[in-house]
Number of protein chains: 2
Amino acid sequence: MATSITVHDVAKAAGVSASTVSRALSGNTAVAAETRDRVVEAARQLGYRPNLAARGLITGTTHNIGLVVPDLENPYFASITKSVQSRALAAGYSVFIADSDEDIRTELELVHQLSKQVDGLILCSPRMAASDIAAVAGQTMMVLINREWEGLTSVVVDDAEIIRLALEHLHALGHRHIAYVGGPEKSWSNQKRWAAIERIAPTFDDLEVGKVGSYAPNFDGGQSAADVVVASGATAALAYNDLVGLGILARLTTRGIRVPEDLSVMGIDDVNVATLVSPGLTTVRSPLKKVGRSAVNSLVDLMNPTDRHSAPEDLPVQLVVRQSTSVPQQHS
Amino acid sequence: MATSITVHDVAKAAGVSASTVSRALSGNTAVAAETRDRVVEAARQLGYRPNLAARGLITGTTHNIGLVVPDLENPYFASITKSVQSRALAAGYSVFIADSDEDIRTELELVHQLSKQVDGLILCSPRMAASDIAAVAGQTMMVLINREWEGLTSVVVDDAEIIRLALEHLHALGHRHIAYVGGPEKSWSNQKRWAAIERIAPTFDDLEVGKVGSYAPNFDGGQSAADVVVASGATAALAYNDLVGLGILARLTTRGIRVPEDLSVMGIDDVNVATLVSPGLTTVRSPLKKVGRSAVNSLVDLMNPTDRHSAPEDLPVQLVVRQSTSVPQQHS
DNA sequence: GGAATCTTTGCAAGCGATTGCAGAACTCAC
DNA sequence: GTGAGTTCTGCAATCGCTTGCAAAGATTCC
């Protein structure tokens with residue numbers, strides 16, 4: 001591989017010193033117009049691109065950010081990742097991606113690996129211990145998604161409102177016994193959602209919401225949960241997220257249990273696969289694109305304390321009714 | 001933010017020089033066992049993590065790689081991304097992610113931005129012009145996925161075999177008129193697949209395969225294509241990929257056209273959402289996880305020319321029959 | 001015991017950029 | 001023509017780390 005060209009090459013070509021090249025290209029300091037043109041032209045001809053590592057060494061800023069997610073194949077995180085990447089590009093940052101594969105150890109490892117080569121980190125649905133988060137936060141700028149921690153900036157969707165919308169919908173349909181299919185115990189969102197249920201369920205007349213196990217937050221988890229849901233006698237299932245909902249749907253179909261006639265099923269998030277299935281999955285939509293964008297904005301604000309801060313976006317959730325929920329029928 | 005600790009801090013703490021710290025921690029040069037222990041202990045206590053940018057500056061290697069994909073929300077690329085990330089981590093590399101959003105300009109822009117801060121690049125389904133690829137390849141180590149270019153390493157699944165398996169399956173069921181629903185014109189895979197069809201279709205008795213338009217390689221693209229497929233009079237549709245297949249499925253369901261009774265539908269790739277729908281989508285599976293892993297392995301080999309090269313993996317494709325294909329029925 | 005060899009360590013240079021400082025060149029006014 | 005004030009540019013230091021070289025100390029061998 002050809003050894004890449006440096007400021008010195010450009011300097012030589014333009015007949016100036018390296019410092020002049022630096023100044024001419026950065027534009028921070030005054031350089032004679034004629035000189036600048038000569039430098040710019042030389043740089044263009046040689047195809048010069050500054051070595052960002054070297055620059056970072058001296059300026060102390062890499063213009064890189066890191067994003068840690070539990071599972072890239074989960075469309076929920078794929079959407080967030082996509083919007084983070086897109087917004088970061090617009091803001092002049094490159095992004096390191098790290099998939100912890102739902103594993104706490106891996107997550108921590110990745111965070112450490114990344115923390116030294118980025119200006120800031122976005123942790124999405126982190127499972128790691130609060131103490132570890134705090135430790136890393138002391139060294140690196142950090143924004144949390146779907147988790148809060150004192151003193152740290154975070155972007156969270158309103159879990160309580162999600163739950164309220166979901167319960168309201170099911171209750172309005174006439175359901176009085178609902179099973180909540182829980183996600184990972186360590187998941188902050190899962191905890192928040194269950195807490196919201198315990199708080200909000202009593203506000204509805206005659207509504208009983210039971211919790212069913214803890215399952216992996218994906219299709220397989222839903223499949224595992226389905227039979228337990230059926231056995232619980234509930235007339236509706238509210239899944240931790242859409243993938244779990246889809247897993248339940250699939251398993252029920254296999255068993256010949258009709259949705260929504262025999263059992264209503266709801267997801268949460270409205271990831272883009274929720275529309276693909278039939279019956280379409282009723283769900284509560286989280287504004288994933290906004291979440292990612294907002295996280296980057298917050299992080300950029302954090303990293304450039306001098307700039308004017310962008311106003312925090314609000315993150316509205318919304319009930320999306322499809323075919324997987326209906327009025328409960330009497331069991332035979 | 002606390003200024004991070006350097007070799008010098010560790011050196012002072014351990015009562016040695018910076019160079020000794022470097023040697024003790026890297027293990028490349030002999031260091032007295034007792035000294036090493038002291039250094040390691042000091043480093044551990046201080047939580048020292050080397051500044052990789054600084055190291056990269058001198059060793060000329062960043063231990064970062066870049067991955068460019070057209071669409072992270074597409075489960076096909078999500079799977080590849082996940083396996084690339086995972087394998088890269090195991091090999092000691094961090095990965096930059098770049099989503100070009102199917103746009104050639106963005107893709108080129110991202111490649112340039114990344115090329116200066118990585119040891120190597122993986123380009124997944126690049127749409128960019130061959131000349132641009134060549135230009136970048138001159139500066140940065142590079143591995144291509146789903147595209148070939150003279151002199152460059154690439155990882156490709158056997159499109160001809162995919163097509164052969166698909167046509168064989170549909171022909172065996174009795175289909176004689178098949179519609180191929182094309183993906184993006186600039187997509188190398190799409191070109192290869194259609195070329196394979198033109199070559200292989202004639203080897204089957206009495207088989208006619210027509211091409212239907214060019215559609216976005218996603219769910220929406222499939223929905224757009226469905227009506228045209230129906231109008232073409234084909235008894236089976238072979239989609240450019242699973243998402244297009246799912247889009248077709250959804251649109252047909254909406255129109256009340258039964259699958260597979262009225263029309264058989266096949267996808268390609270077997271992305272992990274293909275199982276979620278009913279009827280399940282018949283498809284030809286590409287070994288996505290292996291593709292990602294293999295790309296990283298090749299890139300690592302390229303970047304470390306001295307090491308023993310890993311044997312190239314073979315990437316077997318496989319027909320997966322689900323419920324979306326069957327014997328064609330006579331039209332009323 | 002002394003020369004030769006080996007091991008261990010520190011000094012200093014340098015990776016590719018940025019930037020404070022100071023000198024050179026130029027302008028302008030008196 | 002001289003001094004003051006501007007502009008522009010180069011020197012040299014620096015960021016955090018690695019590494020060639022050489023010196024110092026330890027060990028071996030005759």
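Only this structure's heavy atoms are used, side chains among them; waters, hydrogens and symmetry mates stay out. Order of the sequence lines sets the chain letters (A, B, ...), proteins ahead of strands, with each chain counted from 1.
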Spacing between [X] atom [atom1] and [N] atom [atom2], to the nearest angstrom:
X      : N      : atom1 : atom2 : answer
A/N51  : D/dG16 : CG    : C1'   : 14 Å
A/L52  : C/dA17 : CG    : P     : 9 Å
B/D9   : D/dG16 : CG    : P     : 9 Å
B/R55  : D/dT19 : CZ    : P     : 9 Å
B/K116 : C/dA17 : NZ    : C1'   : 12 Å
A/H63  : C/dT18 : NE2   : C1'   : 14 Å
A/H8   : D/dG10 : NE2   : C1'   : 12 Å

(message) Filter on ring pair (Phe, Tyr, Trp, His ring centres under 6.0 Å), then keep only pairs touching residues 62-82 of chain B, sequence neighbours left out; what's left?
(response) B/H63-B/Y93
(message) Applying ring pair (Phe, Tyr, Trp, His ring centres under 6.0 Å) as the test, list every pair that has at least one member in residues 102-140 of chain B; sequence neighbours left out.
(response) none
Kindly give the atom pairs (protein nitrogen or oxygen, nucleotide nitrogen or oxygen) under 3.5 Å for nucleotides 24-28 of chain D.
none

(message) Among residues at least two apart in sequence or on other chains, which ones pass ring pair (Phe, Tyr, Trp, His ring centres under 6.0 Å) with B/Y48?
(response) none
(request) Could I get the full list of ring pair (Phe, Tyr, Trp, His ring centres under 6.0 Å) partners for A/F96, not counting sequence neighbours? (result) B/F96
Using the salt bridge (charged side-chain N to carboxylate O under 4.0 Å, His left out) rule, collect all pairs that involve [range], keeping only residues at least two apart or in two chains.
range                       : value
residues 11-37 of chain B   : B/E34-B/R38
residues 44-56 of chain A   : A/E41-A/R44
residues 120-131 of chain A : A/E102-A/R127
residues 73-86 of chain A   : A/E73-B/K289, A/K82-B/D71, A/K82-B/D99, A/K82-B/D101

(message) Under the side-chain hydrogen bond (donor to acceptor under 3.5 Å, both in side chains) definition, can you give me all pairs with a residue in residues 292-302 of chain A, not counting sequence neighbours?
(response)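 Found A/R87-A/N297, A/R293-A/E313, A/D301-A/S310.
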(request) Ignoring hydrogens and angles, tell me if any N or O in the side chain of A/D103 forms a donor-acceptor pair with the backbone of A/S100 under 3.5 Å. (result)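 Looks like no, no N/O pair under 3.5 Å.
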(request) Please name the pair of heavy atoms, one in A/A130 and one in A/R147, separated by the smallest distance, quoted to 0.1 Å. (result)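 Shortest heavy-atom separation between A/A130 and A/R147 comes out as N-NH2, 3.6 Å.
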(request) Would you give a per-nucleotide map of nucleotides 7-15 of chain C, 5' to 3', where B means the base has a protein non-hydrogen atom under 4.0 Å away, S means only the sugar-phosphate does, and - means neither? (result) -SBBBB-BB
(request) Would you mind reading off the bend of the helix from C/dG1-D/dC30 to C/dC30-D/dG1 from its two end axes, five pairs each, to 10 degrees? (result)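 If I round to tens, the end axes sit 50° apart.
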